[in-house]
Protein chains: 4
Amino acid sequence: MPSLNKVFLMGNLTRDPELRYTPAGLGVATFNMAVNTPAGKDENGNIKTETLFVDVVVFGRLAEAVGEFLTKGFPVFVEGRLRYRTWEDSNGIRRSKHEVLANKIQFLSALKNMPAEEEERQSNFMVEISGDNDVPF
Amino acid sequence: MPSLNKVFLMGNLTRDPELRYTPAGLGVATFNMAVNTPAGKDENGNIKTETLFVDVVVFGRLAEAVGEFLTKGFPVFVEGRLRYRTWEDSNGIRRSKHEVLANKIQFLSALKNMPAEEEERQSNFMVEISGDNDVPF
Amino acid sequence: MPSLNKVFLMGNLTRDPELRYTPAGLGVATFNMAVNTPAGKDENGNIKTETLFVDVVVFGRLAEAVGEFLTKGFPVFVEGRLRYRTWEDSNGIRRSKHEVLANKIQFLSALKNMPAEEEERQSNFMVEISGDNDVPF
Amino acid sequence: MPSLNKVFLMGNLTRDPELRYTPAGLGVATFNMAVNTPAGKDENGNIKTETLFVDVVVFGRLAEAVGEFLTKGFPVFVEGRLRYRTWEDSNGIRRSKHEVLANKIQFLSALKNMPAEEEERQSNFMVEISGDNDVPF
DNA sequence: TTTT
DNA sequence: TTTT
């Protein structure tokens, strides 16, 4: 039973992320990102763009970094796995959706329009928590 | 605006694939696959398994290969991109879902329990259409 | 300083793997694999094949699985990172080479020509050590 | 014979790229990049960094973009495949090395320290040539 | 529900 | 709605 589940995305946050904590004190950040993919050409030869919107979930110290540093519009690189979550909504209806459980996030615009000391602060934090992130489930 | 959208999956078909053709005669195959990911341990130290179910779409000659050779339970490797499709259902309700648009598929069980001539037939077909598949949209 | 180093390979062992142990008792397996990539066509329209030969290194329990189960010709899936190693050879000449440090290996031919009990034995072992492998350096 | 050969890298150019042309007029750019990977911790708990140096080759319009826009130190994302090249050097000695044949490159610092009009120029060029690049061999 |  |  060989198995593999790997996702790589680069795109921009569509809104500010949300940071919560589990009862056990583990950080959980969620955000939505937009990924623009060139997707063929239209009749006039112009490149069409297909936009993927996808929710991303991240845990632990990486979640805290996301909550502290990322905002709407920020460009990020995400490595993680696809996840299919099913739950019952408040009306008792069975619902389900795909999302990405991230184990690695790179801030691509730590590079841009940012005071040097803030860039250094982010960079230090990211190095400190570097490596693939533990994913609790 | 750096962008990237890449997915790698290995898993098994949950049912037989469906092969259709566009008015222009382009093959379109769809199938659903299950990907079992080890996902942490339970209280007793046993590895828990999280199952991802995801629809895969594929076009062109690769679609025809899928329609001809794959069946329920077959293990495959899929490379493609995540796609978020929105449409209106028959009741006029706006619906949306994620799926994977595949540009490459490897048959992992061409290897197993298969008459040699059938394995060769599949292999020849796959070599003939090899390379990354053109994705029309 | 965003950084990423990720490699995915599928191919066959070119010879039996070698398993050693560090003084601290950590398993270290090395093997060479061949990856055949379709690479354009020749003048007659035949698909040309380019063969990549690459050394793979793996540590810990995964190394032991490699040493126990893999043999020349076996097909494997490898996920890891590229590594550039420099050393001095026995003549004092500075040498260097690239290799892949694997954090995940899937046995693709557990599927083929194998007694059921052996397949189950391998499968159990792989599930037991499943998840991404810790890489010591 | 399932096969796969995929590499993803993010890092910085170690020197300016070189752009040449084949007799048929096809652009060929080569550059060397450094990828810093966090690689375990030393005795004092500090994160160690392992640096990968690797040559990258790219063809066609993407090669021209590389030659025109990239310089030493520039951060890039590279998607491609590993390649093992053997040749005879000027002393008739058989030599070989690994390199990455890129089919996609993203300029990560188009974002930084760059006049708006230059950023737009690069961006337009990259959109124009966007999509995976054809790799001639 | 959306970002550049 | 599910596969091994």
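Any value given below was found using the heavy atoms of this structure, including those in side chains, with hydrogens, waters and symmetry copies removed. Chain A is the first sequence line, chain B the second, and so forth, proteins listed ahead of strands; every chain is numbered from 1.
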### Task
Under the ring pair (Phe, Tyr, Trp, His ring centres under 6.0 Å) rule, collect the residues that match up with A/Phe53, sequence neighbours excluded.
none

#### Entry: Sugar-phosphate, base or nothing in reach of B/Ser3, heavy atoms under 4.0 Å
nothing

### Query
What about A/Asn12: does its side chain form a donor-acceptor pair under 3.5 Å with the base of E/dT3?
yes

### Message
Ring-plane angle category for B/Phe77 and C/Phe77, please: parallel below 30°, perpendicular beyond 60°, tilted otherwise.
### Response
tilted

### Message
Tell me the interatomic distance from B/Phe31, atom CZ, to F/dT3, atom P, rounded to whole angstroms.
### Response
16 Å

### With sequence neighbours excluded, residues passing salt bridge (charged side-chain N to carboxylate O under 4.0 Å, His left out) with A/Lys97
A/Asp55, A/Glu99

### Task
Return the value, rounded to whole Å, for the distance between atom CZ of B/Phe107 and atom P of F/dT3.
20 Å

### Query
How long is the line joining CG of B/Leu4 and P of E/dT4, in whole Å?
19 Å

### Task
State which residues pass side chain to side chain donor-acceptor pair (under 3.5 Å) with A/Ser96; sequence neighbours excluded, sorted by chain then number.
A/Tyr84

#### Entry: Close residues, residues 65-73 of chain A, relative to DNA chain E [heavy-atom separation under 4.0 Å]
A/Lys72, A/Gly73

#### Entry: Separation of atom CG in B/Asp16 from atom C1' in F/dT3, rounded to whole Å
12 Å

## Note on the structure
Sorted by chain and number, sequence neighbours left out, side chain to side chain donor-acceptor pair (under 3.5 Å) with C/Gln106 holds for none

### Message
I'd like to check the side-chain contact (heavy atoms from CB on, under 4.5 Å) partners of C/Val35; sequence neighbours left out, ordered by chain and number.
### Response
C/Leu9, C/Met33, C/Thr37, C/Leu52, D/Asn5

### Query
In whole angstroms, how far is the P atom of F/dT4 from the CG atom of B/Asn36?
10 Å

### Query
Any side-chain heavy atom of A/Leu108 sitting closer than 4.5 Å to one from D/Met10?
yes

### Summary
Among the nucleotides E/dT2, F/dT2, E/dT1, whichever has the atom closest to the side chain of A/Phe53 is E/dT2

#### Entry: Euclidean distance, atom CZ of residue B/Arg15 to atom C1' of F/dT4 [Å, nearest integer]
16 Å

### Summary
Separation of F/dT1 atom C1' from B/Glu18 atom CD, nearest Å, is 12 Å

### Query
What's the CE-C1' distance between A/Met33 and E/dT1, to the nearest Å?
17 Å

